[in-house]
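Below you'll find the structure, written out as structure tokens, and then a few comments.
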There are 2 protein chains.
Amino acid sequence: MIKYSKQRQAIKNQLLNRGDHPTAETLYSELKPSMPNLSIATVYRNLKQLEGMGEITIIITDGATRYDYNVKPHAHFFCNKCGAVLDIDTDREQIVKIGQENFSGSIEGYEVNFYGTCPDCMTKSRA
Amino acid sequence: MIKYSKQRQAIKNQLLNRGDHPTAETLYSELKPSMPNLSIATVYRNLKQLEGMGEITIIITDGATRYDYNVKPHAHFFCNKCGAVLDIDTDREQIVKIGQENFSGSIEGYEVNFYGTCPDCMTKSRA
DNA sequence: TTTGCTGCAAATTCTTTGCACTGGG
DNA sequence: CCCAGTGCAAAGAATTTGCAGCAAA
């Protein structure tokens with residue numbers, strides 16, 4: 001049985017409020033001030049548990065793993081200039097269809113990552 | 001200037017001959033018998049260098065990083081049953097278009113991973 | 001000869017685990 | 001009460017780095 005814990009609640013809130021894709025370390029250091037004896041292990045344990053319950057999604061990146069509250073199927077965009085990680089809405093049907101075209105197995109899930117220059121950096125470099 | 005090294009050559013060959021997506025550890029243990037004082041550090045260094053030169057592609061996975069000789073744009077398929085990593089040909093244009101539909105930045109590259117049951121496992125479970 | 005490459009081992013980084021303790025149900 | 005959840009520190013796994021010797025160019 002899953003019990004309530006204020007640590008888990010705080011982690012969920014933080015992820016939800018940020019709306020972006022922080023690492024476990026980031027969440028930890030943001031929560032630490034208000035919960036001085038929070039442990040990084042607790043953060044990892046809860047993130048893993050939340051993922052198991054389907055409440056969050058993990059994003060495997062070079063270096064550290066990132067976590068995402070978003071439930072809707074979408075893709076991620078990694079800016080090569082500033083390192084930002086953004087969401088891009090994509091149509092599940094279309095993606096799966098493309099994969100299925102040249103593959104006879106069964107596709108149950110997918111993950112799409114785009115790389116390039118984010119709108120912000122494009123604006124900056126134009127200035 | 002990049003110098004020839006038999007270690008690097010061996011790593012490239014192994015990657016090319018296998019045709020699949022081994023981890024650095026796998027390559028290392030396969031080459032070790034014929035090169036007894038090969039070091040895992042050398043394997044990592046060369047894989048990173050080859051990636052920088054564009055000769056190979058890295059695939060970031062849960063756990064360990066995998067390496068791929070394939071240059072053509074394609075997607076990867078991860079079998080949830082047997083853990084196999086396979087290639088799926090995909091059309092670059094189509095994928096980038098889908099991303100671009102809801103995003104104003106510039107998409108320069110992408111990576112697509114599919115998850116599901118591979119043809120082999122489908123056959124087995126049917127038996 | 002010069003400078004990249006190698007092997008080795010130690011160091012890092014990210015994440016997980018063991019354990020005694022606390023607190024929700 | 002009982003067991004999931006916690007904090008801490010130690011353990012792990014994957015990868016990187018420092019350095020002295022070796023070997024391409």
Side-chain angles (χ1 to χ4, degrees), chain A residues 1-15 18 20-68 76 78 83 85 113, chain B residues 1-15 18 20-68 76 78 83 85 113:
Chain A
M1 180 234 300
I2 290 174
K3 289 181 184 172
Y4 169 88
S5 101
K6 59 165 155 305
Q7 287 86 344
R8 181 162 45 244
Q9 191 57 50
I11 291 167
K12 282 172 59 173
N13 281 344
Q14 193 66 13
L15 211 41
R18 291 186 53 106
D20 65 347
H21 318 82
T23 61
E25 272 298 340
T26 303
L27 290 170
Y28 172 68
S29 52
E30 287 174 345
L31 294 172
K32 189 77 175 170
S34 50
M35 308 180 84
N37 36 15
L38 173 67
S39 152
I40 186 71
T42 298
V43 176
Y44 276 109
R45 273 189 291 234
N46 278 303
L47 287 171
K48 186 166 265 196
Q49 193 194 55
L50 289 167
E51 201 234 338
M53 304 190 303
E55 293 207 38
I56 66 174
T57 303
I58 77 172
I59 312 174
I60 297 162
T61 323
D62 201 353
T65 303
R66 287 160 177 282
Y67 300 84
D68 187 353
H76 292 108
F78 299 82
V85 183
N113 299 320
Chain B
M1 181 235 300
I2 290 175
K3 289 180 185 171
Y4 170 87
S5 100
K6 58 164 157 302
Q7 288 85 344
R8 187 179 318 120
Q9 192 56 51
I11 290 166
K12 281 172 60 171
N13 281 344
Q14 192 66 14
L15 211 41
R18 292 186 52 106
D20 64 347
H21 318 82
T23 61
E25 273 297 341
T26 302
L27 289 171
Y28 172 68
S29 51
E30 287 174 344
L31 294 172
K32 189 76 175 171
S34 49
M35 309 181 84
N37 35 16
L38 173 67
S39 151
I40 185 73
T42 298
V43 176
Y44 277 108
R45 273 189 291 234
N46 278 303
L47 287 170
K48 186 166 264 195
Q49 193 194 55
L50 289 166
E51 201 234 337
M53 304 190 302
E55 293 207 39
I56 66 175
T57 304
I58 78 171
I59 312 174
I60 297 159
T61 323
D62 200 354
T65 302
R66 287 159 179 282
Y67 300 83
D68 188 354
H76 291 110
F78 300 82
V85 183
N113 299 321

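Worth knowing before you read on, the calculation uses all heavy atoms, side chains too, and leaves out hydrogens, waters and symmetry mates.
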Exercise. Under the 3.5 angstrom rule, does the side chain of A:R66 hit a backbone N or O of A:I59 as a donor-acceptor pair?
Worked result: no

Exercise. Rounding to a whole Å, what distance do you find between A:Q7:CD and D:dG5:P?
Worked result: 11 Å

For this session: With A:L47 as reference, evaluate A:T23, A:L15, A:T65 under the side-chain contact (heavy atoms from CB on, under 4.5 Å) test and give the passing residue.
Result: A:L15

Exercise. Checking all strands, does B:R8 fall into the base, sugar-phosphate, or nothing category for heavy-atom contacts under 4.0 angstrom?
Worked result: sugar-phosphate

Exercise. Within the structure, does a side-chain N or O atom of A:Q49 lie under 4.0 Å from either OP1 or OP2 of D:dA4?
Worked result: no

Exercise. Any side-chain N or O of A:S39 less than 4.0 Å from the OP1 or OP2 oxygen of D:dC8?
Worked result: no

For this session: Have a look at A:T65 and say if it touches a base, only the backbone sugar-phosphate, or nothing, with a 4.0 Å heavy-atom cut-off.
Result: sugar-phosphate

Exercise. Counting any heavy atom closer than 4.0 Å, what does B:Y44 reach on the DNA or RNA strands: base, sugar-phosphate only, or nothing?
Worked result: base

Exercise. Rounding to a whole Å, what distance do you find between B:Q9:CD and D:dA24:P?
Worked result: 13 Å

Problem set entry | Length of the NZ-C1' vector between B:K32 and C:dG7, whole Å | 9 Å

For this session: Tell me yes or no: between the side chains of B:Y28 and B:K32, is some donor less than 3.5 Å from an acceptor?
Result: yes

Exercise. Between B:I40 and A:A64, which has a closest nucleotide on DNA chain C that is more 5'?
Worked result: B:I40

Seminar exercise, completed: A:I11 atom CD1 is separated from D:dG5 atom P, nearest whole Å, by 12 Å

For this session: For B:L38, answer base if it contacts any base atom (sugar-phosphate contacts may also be present), sugar-phosphate if it contacts only those atoms, and nothing otherwise; contact means non-hydrogen atoms under 4.0 Å.
Result: sugar-phosphate

For this session: Classify the side chain of B:R45 versus the base of C:dG4 as yes if they form a donor-acceptor pair under 3.5 Å and no if they do not.
Result: no

Exercise. What's the shortest heavy-atom distance between A:T42 and A:I11, and which atoms?
Worked result: O-CD1, 4.2 Å

Problem set entry | Upstream residue (5' side of DNA chain D) when B:K48 and B:S5 are each assigned their closest nucleotide | B:K48

For this session: Send over the distance from A:N46 CG to C:dT16 P, rounded to a whole Å.
Result: 12 Å

Exercise. Rounding to a whole Å, what distance do you find between B:E51:CD and D:dT15:P?
Worked result: 13 Å

Seminar exercise, completed: Assert: residue with more 5' nearest nucleotide on DNA chain D, out of B:I2 and B:R66, is B:R66

Problem set entry | Distance in angstrom units between B:N37 CG and C:dC5 P, rounded | 18 Å

Exercise. Within this structure, what is the NZ-to-P distance between A:K3 and D:dT6, rounded to whole angstrom?
Worked result: 11 Å

Problem set entry | Residue pair B:T61 / B:H21, side-chain heavy-atom distance below 4.5 Å | no

